[in-house]
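Let me begin by presenting the structure, written as structure tokens, before commenting on it.
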Amino acid sequence: MPELPEVETIRRAIEPHIVGAQITDISLPDPSIAGPGGSESLQPALGATVRAVLRRGKHLILLLAGNSGIVLHLRMTGALLRCELPAGARVRAVLTFSNGERLAFTDQRRLGRMQYYASLKPLLLRLGPEPLDADFTWESLRSALKRHSIPVKAALLDQNIVAGIGNMYADEALFLAGINPVVSANQIPANEIRTLWRSIRDVLQRAIEDGGASVSTYAKPDGNRGAAQFSFNVAHRKGQPCPRCGAQIERIMVRKRGACYCPCCQPKRKVDA
DNA sequence: CTTGGGACCTGGCTGC
DNA sequence: TGCAGCCAGGTCCCAA
């Protein structure tokens, strides 16, 4: 599923091809992708020039005039392709540009969205810090987690606490930090939060370098698959051996979401060393 | 303010 | 074999 590394991979892949070009056509085979406003809500973007391609959390943003833009969210099964469409692709929207470029938004499950924002400010302010930016410090993570009694896994998925982390990378970051997913966010000692902070950044950075993780429908804009899934320690590896200790990886439900972890490397209570 | 639950969505899987 | 029903999970909305 597209999380921060997948969206960042897409951003880097399309940016050089559409910055400076005008949007000459917006076709919506599935108007519901634009939300309640339907096709008409995207009309203001017609003819506009793409000034930059940005990412904020899991949102992909085509920055247009002033503070306006088109915001895409791929949710579960969305993909953005500038290649030949695979057979059976569920095309929900097609953007055509003045330089001949064409981007197809495919989305099997129709949860994805592509919407025009006259001002991007509310969206940008609503989300938590970017985990790879300098203002995301371990102290800022500590103060955010201090306010929450929910399981730390649920806290990492909360886009207001930190933006861009989804189920896969939350599991991976917690594994690297040796933290059990059900531990309350405000019960984690400072030294472990520092380790978690570093793990979050390491996991995301490495996944970007690998072009994202293709575990289901995710593909890069050129149609190729990412490679980050080959480096997973616990995510999507239920029943397989932990790469660190060999114990069997378990899958439990945390707040209605699946969580994969190593019961040996991520104990609820630390044993004295 | 925080927390929890349901809704959305559909291909793939499970079980009768 | 056929099919009902569950499951995956990111986000929004509502209630407590």
Side-chain angles (χ1 to χ4, degrees), chain A residues 1-8 10 28-38 41 55-61 71-80 86-93 105-115 117 122-128 130-131 143-174 181-188 200 204 207 212-219 228-229 232 234-239 249-261:
Chain A
M1 297 89 208
E3 303 179 22
L4 186 154
E6 288 74 31
V7 179
E8 178 62 21
I10 293 167
L28 298 186
D30 176 11
S32 70
I33 197 170
S41 60
R55 181 193 54 74
R56 181 77 172 90
K58 303 169 192 172
H59 300 263
L60 187 67
I61 301 171
V71 177
L72 298 86
H73 199 301
L74 303 172
R75 295 282 185 98
M76 306 297 299
T77 54
L80 200 57
R90 300 294 209 284
V91 179
R92 307 300 179 192
F105 189 150
T106 64
D107 187 14
Q108 206 168 65
R109 282 171 57 182
R110 305 178 65 210
L111 289 166
R113 287 290 179 268
M114 181 172 83
Q115 292 169 298
Y117 283 61
L123 171 71
L124 301 179
L125 293 175
R126 192 180 79 230
L127 295 167
E130 282 294 323
S143 71
L145 294 182
K146 198 159 50 181
R147 296 197 304 272
H148 295 274
S149 59
I150 56 176
V152 59
K153 169 71 185 288
L156 293 182
L157 296 178
D158 185 337
Q159 303 300 296
N160 298 302
I161 293 175
V162 53
I165 301 176
N167 214 33
M168 300 182 298
Y169 296 110
D171 282 352
E172 287 300 305
L174 288 169
V182 305
V183 172
S184 291
N186 58 9
Q187 299 291 313
I188 302 174
I200 289 169
L204 296 176
S214 288
V215 292
S216 62
T217 59
Y218 166 76
Q229 68 277 14
F232 283 169
V234 290
H236 300 284
R237 296 194 67 240
K238 175 195 175 186
I249 290 160
E250 291 184 5
R251 186 172 185 276
I252 57 173
M253 297 306 282
V254 179
R255 298 282 234 79
K256 306 284 182 191
R257 293 287 173 265
C260 295
Y261 76 108

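For B:dG11, one of the phosphate oxygens OP1 or OP2 lies less than 4.0 angstrom from a side-chain nitrogen or oxygen of A:Arg90.
Partner of A:Met1 under the side-chain contact (heavy atoms from CB on, under 4.5 Å) criterion, chosen from A:Lys58, A:Met76, A:Arg75: A:Met76.
Residues satisfying the side-chain contact (heavy atoms from CB on, under 4.5 Å) test with A:Pro29, not counting sequence neighbours, are A:Ser27, A:Val91. For A:Ser184, the side-chain contact (heavy atoms from CB on, under 4.5 Å) test picks out A:Asn186, A:Gln187, with sequence neighbours left out. Taking A:Arg55 as the reference, A:Glu8, A:Glu130 meet the salt bridge (Lys or Arg N to Asp or Glu O under 4.0 Å) condition, with sequence neighbours excluded. In this view, A:Ile33 and A:Leu28, A:Arg92, A:Ala93, A:Phe105, A:Met114 satisfy the side-chain contact (heavy atoms from CB on, under 4.5 Å) rule, not counting sequence neighbours. The side chain to side chain donor-acceptor pair (under 3.5 Å) check on A:Ser41 picks up nothing, with sequence neighbours excluded. Remark: A:Ser214 engages A:Tyr218, A:Arg225, A:Gln229 in a side-chain contact (heavy atoms from CB on, under 4.5 Å) (not counting sequence neighbours). Residues passing the side chain to side chain donor-acceptor pair (under 3.5 Å) test with A:Thr77 are A:Asp107, sequence neighbours excluded.
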Check residues 156-169 of chain A and write down every donor-acceptor pair under 3.5 Å in which the side-chain atom is one partner and the other belongs to a residue at least two apart or another chain.
| unit_1 | atom_1 | unit_2 | atom_2 | d |
| --- | --- | --- | --- | --- |
| A:Asp158 | OD1 | A:Asn160 | N | 2.8 |
| A:Asp158 | OD1 | A:Asn160 | ND2 | 3.3 |
| A:Gln159 | OE1 | A:Gly164 | N | 2.8 |
| A:Gln159 | NE2 | A:Leu157 | O | 3.0 |
| A:Gln159 | NE2 | A:Ile165 | O | 3.0 |
| A:Asn167 | OD1 | A:Lys153 | NZ | 2.7 |
| A:Asn167 | ND2 | A:Gly258 | O | 2.9 |
| A:Tyr169 | OH | A:Glu6 | OE2 | 2.6 |

Heteroatom pairs (N/O) under 3.5 angstrom, protein to nucleotides 2-4 of chain B:
| unit_1 | atom_1 | unit_2 | atom_2 | d |
| --- | --- | --- | --- | --- |
| B:dT2 | OP1 | A:Arg147 | NE | 3.3 |
| B:dT3 | OP1 | A:Ser149 | N | 2.5 |
| B:dT3 | OP1 | A:Ser149 | OG | 2.8 |
| B:dT3 | OP2 | A:His148 | ND1 | 2.3 |
| B:dG4 | OP2 | A:Arg255 | NE | 2.7 |
| B:dG4 | OP2 | A:Arg255 | NH2 | 2.3 |

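Taking the screw axis at each terminus of the helix from B:dT2-C:dA16 to B:dC16-C:dG2 from five consecutive base pairs, the angle between the two is 50° to within rounding of 10 degrees.
Legend: salt bridge (charged side-chain N to carboxylate O under 4.0 Å, His left out) pairs involving residues 250-259 of chain A, not counting sequence neighbours: none detected.
At whole-Å resolution of the value, CG in A:Asn160 and C1' in B:dC1 are 12 Å apart.
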Could you run through nucleotides 7-13 of chain C and give me one letter per nucleotide, 5' to 3': B if any protein heavy atom sits under 4.0 Å from the base, S if only the sugar-phosphate is that close, - if neither?
-> -BBBBS-
